[in-house]
Structure formats: C-alpha cells, structure tokens
2 protein chains.
Amino acid sequence: MRTYKHPKTEDIDLTRVLYALSDPIRIEIVATLARQGTASCAELDAGRPKSSMSHHFRALREAGLIRTTPEGTSHINELRRADIDRRFPGLLKSILKAAESA
Amino acid sequence: MRTYKHPKTEDIDLTRVLYALSDPIRIEIVATLARQGTASCAELDAGRPKSSMSHHFRALREAGLIRTTPEGTSHINELRRADIDRRFPGLLKSILKAAESA
DNA sequence: TCGCTTGTTCGAGTATTATCGAACTATCGA
DNA sequence: TCGATAGTTCGATAATACTCGAACAAGCGA
C-alpha cells in the first residue's frame, strides 16, 4: 500500500498554496472536490494523460490542499478544508467563490 | 511620459492573480501597499537589484494587482483594491490576512 | 496466477520564469 | 545643458515546471 507525503497543517505555506491554485486544471480539481466532497483521480480527469494529472495531484498534495488515500485500486482525493481553514481562516472560501465567478 | 499597461477590472484573471501572489517578494510588496497606501519602487525595495524588482512590479501590474503612475522621476505604486474587490469580492482581504499569519 | 484497472514514477523535450548586470529613457535641479 | 536620480528594458544564464509516453507497482476478480 502506497503512502503519500502530506504536509502537516502548521506547515502549509501560503505562497505554495497560491501557486498550486494558479493553474486552471488544479483550481478546477479543487473546486470539484469542494462541491463533491471526494473523488478518485479518474473522476477528476481533465482530458489530459494520467501522468499529467498525477503531476497536478502531487502539486496539490504537497501544497497541503488535498489528501489522497488509496482505496482498492483507485485513490480517493479529498479537500483538506478543515486543515486549510485552521491555517488560513476564510482563504479557501473566498478563492473558491472567486473561482466560480471566473 | 511612460505609460503602463494595466488590465481592465473585468479582465483581471484569478489564476494570474494567484500566480502573481505566489512569490514571497511580490506578496510582501502587496502587503506593504495595503498598509501604506502608496509607495515608490525605491521604497518597496526588497534587497534585490532594480532590474529584478522591476520584473516583479511588472508581474503585479499585468495581473491587475497594482497600478503604477509616473510622478516626476519616481513611479508611484498603489494597490488596485477597489478593482480587485469588485472583480473578486473578499479575495484580497482573506489573502492579506493569511499573509499576516504566515 | 493471469489479466485488468488505477495511478505513480521516470525521463526527455519544451516552455516559462527568476535573476542580475549593462545599457537605456525620462525627469528634475543647478 | 550637464549631471544625478528613478526605473525600465535587454540579453544571457540558470532554475523550475508542464507535458506526455513508457515502464512500473499495487489491488482486485476470475
């Protein structure tokens, strides 16, 4: 069973978060997770090869935005909303709201 | 008199804004302008050569975050707070708040 | 165990960005 | 007009990230 590196809540860095969200594919992934709760990588497909998507998931993971948990053959992603809210209260909500109107 | 390109309010793009703010030097510039109101480029010096700073000012300008106005030999920068608030209500405030606690 | 599915990792090529010195532009004051 | 000041632009180099195919790893069902 594969394990992933997820930063601790207190180690989540603002500039890293902003950078991770500065990519259209990645912010769309986050927006989808915010709506749906959880989703496998396949469900979050953005029309790119799996290797490209995996790259983006890693960027989000290492920024502390999502948590990926193996579940059978698929990997479930979830938004680390509570952790991010604790680290940067209100930030995620306003970015998601901005993403809707963008 | 030199003129600068500043995007129109409705053309401000979220991912560009997030990217511009994903650099420690640039988010510090924005935080300083949020506190002080306006400042020349020289006042916002971050210990880097002028050419490097100019590069960062341009990134912020083209993202729509700051407005630069020539004033004599110096150039005054100001945060485009009202414009950004109109385009993405609440976004700037929460990012600046996050930057304080980071 | 074999084959299928899901997703990661690796490697190479490409593109974008950061950094800084040097040259340039524009403005102001003497 | 000369010199000083404030920033920009250019050009080169280095670093970083994106993209994708190919190979790999792990779990599940037959």
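Numbered from 1 within each chain, the chains take letters A, B, ... in sequence-line order. Since this is a predicted model, take the numbers as computed values, not measurements.
Here the C1' atom of nucleotide D/dG7 and the CG atom of B/Leu44 are 13 Å apart, to the nearest Å. For the pair B/Glu43 CD and D/dA6 P, the computed distance is 11 Å after rounding to whole Å. For the pair B/His56 NE2 and C/dA18 P, the interatomic distance rounds to 6 Å; values are reported in whole Å. Here the P atom of nucleotide C/dT9 and the CE atom of A/Met53 are 15 Å apart, to the nearest Å. For the pair A/Arg58 CZ and D/dA17 P, the interatomic distance rounds to 10 Å; values are reported in whole Å. If you measure from atom CD1 of B/Ile76 to atom P of C/dA26, you get 19 Å, rounded to the nearest angstrom. Atom CZ of A/Phe57 and atom P of C/dT9 are 13 Å apart (whole Å). Between A/Glu71 atom CD and C/dG7 atom P there is a gap of 11 Å when expressed in whole angstrom units.
Residues that satisfy the salt bridge (Lys or Arg N to Asp or Glu O under 4.0 Å) test with A/Glu43, not counting sequence neighbours, are absent from this structure. Residues forming a side chain to side chain donor-acceptor pair (under 3.5 Å) with A/Arg48 (at least two apart in sequence, or on another chain): none. Every salt bridge (Lys or Arg N to Asp or Glu O under 4.0 Å) that A/Arg67 has, sequence neighbours left out, goes to A/Glu78, A/Asp83. B/Glu28 is linked by a side chain to side chain donor-acceptor pair (under 3.5 Å) to B/Thr32, counting only residues two or more places apart in sequence or in another chain. Considering only residues two or more places apart in sequence or on other chains, A/Glu100 meets the salt bridge (Lys or Arg N to Asp or Glu O under 4.0 Å) condition with none of them. B/Ser94 pairs by the side chain to side chain donor-acceptor pair (under 3.5 Å) definition with A/Ser94, not counting sequence neighbours. With sequence neighbours excluded, the residues forming a ring pair (Phe, Tyr, Trp, His ring centres under 6.0 Å) with B/Tyr19 are A/Tyr19, listed by chain and number.
Taking every heavy atom of residues 59-66 of chain B and every atom of DNA chain C, no pair lies under 4.0 Å. Using a 4.0 Å cutoff on non-hydrogen atoms, the parts of residues 21-40 of chain A near DNA chain C are A/Ser40, ordered by number.
Between A/Thr73 and B/Asn77, the residue anchored nearer the 5' end of DNA chain D, judged by the nucleotide with its closest heavy atom, is B/Asn77.
Heavy atoms from other residues, nucleotides or ligands lying under 6.0 Å from CD of B/Glu10 number more than 12.
Between A/Ser54 and the phosphate of C/dT8, there is a side-chain N or O to OP1/OP2 separation shorter than 4.0 Å. Between A/Tyr4 and C/dG7 there is no side-chain N or O to OP1 or OP2 distance below 4.0 Å. Contact annotation: B/Tyr19 does not reach the phosphate of D/dT16 (side-chain N/O to OP1 or OP2, under 4.0 Å).
Counting heavy atoms from C-beta outward, B/Ile25 and B/Met53 have side chains that approach closer than 4.5 Å.
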(request) Go through the steps to decide whether A/Leu21 and B/Leu14 satisfy the test side chain to side chain contact (heavy atoms under 4.5 Å, CB included), and finish with yes or no. (result) CA-CA 9 Å; A/Leu21 293 175; B/Leu14 179 61; over 6 Å; no

Identify all side-chain donor-acceptor contacts of residues 55-62 of chain B below 3.5 Å with residues at least two apart in sequence or on another chain.
from, atom 1, to, atom 2, distance (Å)
B/His56, ND1, B/Arg26, NH1, 3.1
B/Arg61, NH1, B/Thr68, OG1, 3.1

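Screening residues 27-49 of chain B for ring-ring contact (aromatic ring centres under 6.0 Å, His included), with sequence neighbours left out, gives no hits.
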Detail all sub-3.5 Å separations between protein N/O atoms and N/O atoms belonging to nucleotides 20-23 of chain C.
from, atom 1, to, atom 2, distance (Å)
C/dC20, OP2, B/Ser52, OG, 3.2
C/dG21, N7, B/Ser51, OG, 3.1
C/dG21, O6, B/Ser51, OG, 3.1

